[in-house]
Visitor: 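Before I ask anything, let me first share the structure, which is written out below as structure tokens.
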Amino acid sequence: MLTGTTTSDEEPPTDADPEADPDTGALTAPFASSPRGARLARRLAVRRMEEWGYAPESDASCAVALVVGELTANAVRHGHVPGHGCRLRLGLDAGAGLVRIEVSDAAAAKRPPAAPPPAPDGESGRGLLLVDVLAARWGWTPRHPVGKTVWAEVPTEPAT
């Protein structure tokens with residue numbers, strides 16, 4: 001189990017105006033295209049996981065927090081377009097045992113690599129490898145009218 005990745009005194013964004021779908025419970029929230037926005041999106045994801053019954057220290061919540069953190073950090077670092085924010089969407093498919101994470105940004109030209117090989121001595125470049133390990137599957141789709149959405153489906157139960 002991972003610990004220490006989800007607790008903080010800093011509250012998730014209240015100005016982000018998150019929306020919950022009354023039928024599915026899916027959460028959609030905008031966040032600023034900044035490191036602080038990415039951090040707050042991760043905390044919002046942990047809060048939603050707790051509302052769905054997954055304690056912040058659970059493996060499922062920690063995995064979702066890590067994947068949301070990586071995807072939002074990538075959106076901020078590689079998908080930043082001045083004047084445009086990003087969007088987080090979380091949906092729980094309890095029957096399939098999956099949480100679908102979608103992070104959208106406005107940069108359509110910058111697409112995530114399929115299998116990024118990090119430099120052996122590099123200090124970055126391993127985030128999508130982490131997503132690849134934690135997610136059952138992940139990918140990206142164009143976002144209309146502009147941008148892209150990178151998505152991942154994270155299991156809520158350990159693989160057997």
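Residue numbers start at 1 and run along the sequence shown. Note: hydrogens, waters and symmetry copies are ignored here, and every other heavy atom, side chains too, is used.
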Visitor: Applying the side chain to side chain contact (heavy atoms under 4.5 Å, CB included) criterion to Val99, which one of Thr156, Val67, Val68 satisfies it?
Guide: Thr156
Visitor: Could you go through the salt bridge (Lys or Arg N to Asp or Glu O under 4.0 Å) check for Arg48 and Glu51 one step at a time?
Guide: CA-CA 5 Å; Arg48 175 56 74 180; Glu51 291 169 0; 3.0 Å; yes
Visitor: Restricting to non-hydrogen atoms, name the atom on Trp151 and the atom on Trp140 that form the minimum distance, rounded to 0.1 Å.
Guide: NE1-N, 3.5 Å
Visitor: Do Val76 and Val146 sit in the same hydrophobic cluster, where Ile, Leu, Val, Met, Phe, Trp and Tyr count as joined when their side-chain heavy atoms come under 4.5 Å apart?
Guide: no
Visitor: So, does Ser61 use its side chain to make a donor-acceptor pair with the main chain of Ser58 at under 3.5 Å?
Guide: no
Visitor: If we only count heavy atoms from C-beta on, is the Trp138 to Leu71 side-chain gap below 4.5 Å?
Guide: no
Visitor: What distance separates Glu153 CD from Glu102 CD, expressed to the nearest 0.5 Å?
Guide: 9.0 Å
Visitor: Would you list the pairs meeting salt bridge (Lys or Arg N to Asp or Glu O under 4.0 Å) in which at least one residue belongs to residues 61-70, sequence neighbours left out?
Guide: none
Visitor: Taking C-beta and beyond as the side chain, do Val150 and Val131 meet within less than 4.5 Å on heavy atoms?
Guide: no
Visitor: About how many Å separate CG of Leu92 and CG of Leu27, when rounded to the nearest 0.5 Å?
Guide: 12.0 Å
Visitor: Closest heavy-atom contact between Val103 and Ala75?
Guide: CG1-CB, 3.8 Å
Visitor: Any sub-3.5 Å donor-acceptor pair from Lys148's side-chain atoms to Asp105's backbone N or O?
Guide: no
Visitor: Do the side chains of Val64 and Leu134 get nearer than 4.5 Å, heavy atoms only?
Guide: no
Visitor: Work out which heavy atom in Ala29 is nearest to a heavy atom in Leu44; give both atom names and the distance.
Guide: CB-CD2, 3.5 Å
Visitor: What distance separates Leu90 CG from Met49 CE, expressed to the nearest 0.5 Å?
Guide: 8.0 Å
Visitor: Ignoring hydrogens, what is the shortest heavy-atom contact between Ala41 and Thr72? Give both atom names and the distance.
Guide: CB-CG2, 4.0 Å
Visitor: Show the nearest heavy-atom pair for residues Ala135 and Ala152, with the distance to one decimal.
Guide: CB-CB, 4.0 Å
Visitor: For the pair Thr28 (side chain) and Arg89 (backbone), establish whether a donor and an acceptor sit closer than 3.5 Å, ignoring hydrogens and angles.
Guide: no
Visitor: Under a single-linkage definition using a 4.5 Å side-chain heavy-atom cutoff for Ile, Leu, Val, Met, Phe, Trp and Tyr, are Leu98 and Leu66 assigned to the same hydrophobic cluster?
Guide: no
